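Start at 1 and go down the list; that is how both ligands and their atoms are numbered. Everything numeric in this text was worked out from a predicted model, so none of it was measured. Heavy-atom basis, side chains included; hydrogens, waters and symmetry copies ignored.
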Amino acid sequence: MRVVVVGGTGLIRSPLVDILRDHGHDARSGFPGTGVDAFTGEGLDELLGGADVVVDVSNAPVWDADTAMRYVTRSTGHLTEAAVRAGVRHLVILSSLGVDNLPDKGCCRAKLAQERAVRDSGLPYSVVRTGLYFEFVELITGLAVRDGQARLPSTRVRPIAASDTALALAAVVENDPLQGVRRIAGPEVHRLDRLGEITLAGRSGLAVVTDETAGPFAGIPADVLTGDPGVETWATRYEDWCKERPLRCGRARTDTDSSLSHVV
Ligand SMILES: NC(=O)c1ccc[n+]([C@@H]2O[C@H](COP(=O)([O-])OP(=O)(O)OC[C@H]3O[C@@H](n4cnc5c(N)ncnc54)[C@H](OP(=O)(O)O)[C@@H]3O)[C@@H](O)[C@H]2O)c1
């Protein structure tokens, strides 16, 4: 089948397109670098022509509440209209685990608005709510570092490898529209401060300090970001993922060079 993936150099588009092609599908993608802009609608009609399934893995460039809402409102509007014109038979979007439990957070309001717009579009659809990506945990840890300390709250999360998210999305693409939500996460529930320790293990000179007021995940009640026991889990463990990425997570590192400088 022909599958169109909207999204650029982010974490999901490239592995998803690779998986779909490996499975024999005609997978193509569009993003601003290829002249396709979901925010303005430019290039969407050409890209979606002949598509059976469309997957939106794009994201707002900045995630303050207003920008996020403006992005999803305009991009989802353009995408659903173009999908209807093209006769697409399945629209798939990515959302976030716990998004329905955090109505006060602007980014969650935006994701819920996106889900609503897709549901109301009349198109057959699937929403995949996924836990935080491992790559995002790594980024959060790096951004939390000041003066040799990463201050992180003990908020419980259930992160997932972006590569597992891409596999789960491919399975959704290959099946009938859910007309609802699938929730996916990694195999383990972790405290965010503990994930910070795993991330920075082996990087001498950096310590994690538990700070229940630090960062955007502070104060989020237990179990909001972990999903209920029925959440579908994928296999890759954060610690194993870090070990396979020694230059980024640092676990196998023996020195303190600055290879984490992109996130620290
Ligand atoms: N990050 C997480 O932990 C997480 C967790 C749960 C759910 N999600 C969801 O997963 C999805 C992808 O998130 P992400 O973190 O992978 O995002 P990301 O890495 O920021 O990638 C977003 C992509 O969107 C593309 N994009 C931006 N503006 C666009 C436009 N106008 N038209 C078309 N494409 C555009 C960007 O293209 P360029 O590369 O050209 O800039 C970028 O590659 C989002 O729906 C997000 O809500 C993320």
Student: Where on S95 is there a heavy atom closer than 4.0 Å to ligand 1, on the side chain, on the backbone, on both, or on neither?
Tutor: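 Under 4.0 Å from ligand 1, S95 contributes backbone atoms alone.
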Student: In terms of side-chain geometry, is the basic nitrogen of D100 or R129 positioned less than 4.0 Å from the acidic oxygen of its partner?
Tutor: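 Salt bridge between D100 and R129, a charged N being under 4.0 Å from a carboxylate O: yes.
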Student: At a 4.0 Å threshold, what atoms of ligand 1 neighbour a non-hydrogen atom of G131?
Tutor: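 In order of numbering, the contacting atoms are 5 (C), 6 (C).
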Student: Under 4.0 Å from any heavy atom of T130, which atoms of ligand 1 are there?
Tutor: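 Numbered from 1, ligand 1 contributes 6 (C), 7 (C).
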Student: Quick test: of every protein heavy atom, which one is nearest to atom 31 (N) of ligand 1, and how far off is it to 0.1 Å?
Tutor: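 Its nearest protein heavy-atom neighbour is D37 OD1, 2.7 Å.
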Student: Between R21 and D26, does any side-chain N to carboxylate O distance fall below 4.0 Å?
Tutor: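 So R21 does not pair with D26 through a salt bridge.
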Student: Given R151, which partner from the list D211, T210, D193 fulfils the side chain to side chain donor-acceptor pair (under 3.5 Å) test?
Tutor: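 When D211, T210, D193 are each tested with R151, the side chain to side chain donor-acceptor pair (under 3.5 Å) holds only for D211.
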Student: Which protein heavy atom lies closest to atom 41 (O) of ligand 1, and at what distance to 0.1 Å?
Tutor: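 Checked against all protein heavy atoms, atom 41 (O) of ligand 1 sits closest to T9 OG1, 4.3 Å.
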Student: Run the salt-bridge test on E232 and R182 with the 4.0 Å N-O cut-off and return the result as yes or no.
Tutor: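 Here E232 pairs with R182 in a salt bridge, since their nearest N and O are under 4.0 Å apart.
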Student: Using heavy atoms and a threshold below 4.0 Å, how should the contact between F136 and ligand 1 be classified: side chain, backbone, both, or neither?
Tutor: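 Only the side chain of F136 comes within reach of ligand 1.
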Student: Measure from the side-chain N and O atoms of T226 to the backbone N and O of R156, and report whether any donor-acceptor pair falls under 3.5 Å.
Tutor: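 Flag not set: sc T226 to bb R156 has no pair under 3.5 Å.
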Student: Check K111 against ligand 1 and report side chain, backbone, both or neither, counting heavy atoms closer than 4.0 Å.
Tutor: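 Within the 4.0 Å criterion, K111 contacts ligand 1 through side-chain atoms alone.
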Student: Once you restrict to heavy atoms under 4.0 Å, what part of V57 touches ligand 1? Side chain, backbone, both or neither.
Tutor: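 Looking at V57 and ligand 1, just backbone atoms fall under 4.0 Å.
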Student: With the threshold set at under 4.0 angstrom, would you say P32 reaches ligand 1 through any of its heavy atoms?
Tutor: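 True for this residue.
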Student: Quick check: closest heavy atoms across A117 and T80, and the distance to 0.1 Å?
Tutor: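 Scanning both residues completely, I find the closest heavy atoms to be O-CG2, 4.5 Å.
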Student: Hydrogens and angles aside, do E42 and H78 bring a side-chain donor and acceptor to less than 3.5 Å of each other?
Tutor: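 No, H78 and E42 have no side-chain donor paired with an acceptor closer than 3.5 Å.
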Student: Starting from atom 43 (O) of ligand 1, which protein heavy atom do you reach first, and at what distance in Å?
Tutor: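 Looking only at protein heavy atoms, the one closest to atom 43 (O) of ligand 1 is G10 N, 2.7 Å.
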Student: May I ask you to identify the nearest protein heavy atom to atom 11 (C) of ligand 1, giving residue, atom name and distance to one decimal place in Å?
Tutor: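 Atom 11 (C) of ligand 1 sits closest to the protein heavy atom L94 CD1, 3.8 Å.
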Student: Backbone or side chain, does any N or O of G8 fall under 3.5 Å from an N or O of ligand 1?
Tutor: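 Looking only at distances, the answer is yes, because the N/O contact criterion of under 3.5 Å is met.
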Student: Say whether A38, considering both its backbone and side-chain N or O atoms, lies within less than 3.5 Å of an N or O atom on ligand 1.
Tutor: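 Min N/O separation from ligand 1 is below 3.5 Å for A38.
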Student: Are any of the side-chain nitrogens in E188 or R237 under 4.0 Å away from the carboxylate oxygens of its partner?
Tutor: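 Salt bridge: yes.
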Student: With respect to N59, determine whether any N or O atom, backbone or side chain, lies less than 3.5 Å from an N or O atom of ligand 1.
Tutor: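 The answer is yes, given that N59 and ligand 1 share an N or O pair closer than 3.5 Å.
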Student: Any nitrogen or oxygen of Y133, side chain or backbone, less than 3.5 Å from one on ligand 1?
Tutor: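 Yes; the residue has a nitrogen or oxygen that sits under 3.5 Å from a nitrogen or oxygen of the ligand.
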Student: With no hydrogens and no angle check, do the side chains of S154 and E212 hold a donor and an acceptor under 3.5 Å apart?
Tutor: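 There is such a pair (donor and acceptor under 3.5 Å, judged by atom type) between the side chains of S154 and E212.
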Student: Please determine whether any non-hydrogen atom of A162 lies less than 4.0 Å from an atom of ligand 1.
Tutor: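 Contact absent.
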Student: Is the closest N or O pair between G30 and ligand 1 shorter than 3.5 Å?
Tutor: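 No, there is no polar N/O contact under 3.5 Å.
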Student: What do you reckon, is CZ of R85 surrounded by more than 12 foreign heavy atoms closer than 6.0 Å?
Tutor: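 Enclosed: over 12 neighbouring heavy atoms sit under 6.0 Å from CZ of R85.
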Student: Hey, what's the ring geometry for F136 with F217, parallel, tilted or perpendicular (30° and 60° as the breaks)?
Tutor: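 Rings of F136 and F217: perpendicular, over 60°.
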Student: Select the closest option to atom 28 (N) of ligand 1 among Y71, F134, F39, judged by heavy-atom distance.
Tutor: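 Going through Y71, F134, F39 one by one, Y71 has the nearest heavy atom to atom 28 (N) of ligand 1.
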Student: Which atoms of ligand 1 are found less than 4.0 Å from any heavy atom of L132?
Tutor: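 Counting atoms of ligand 1 from 1, those under 4.0 Å from L132 are 3 (O).
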Student: If we count only N and O atoms by modelled type, under 3.5 Å, do the side chains of E239 and W241 hold a donor and an acceptor together?
Tutor: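 No.
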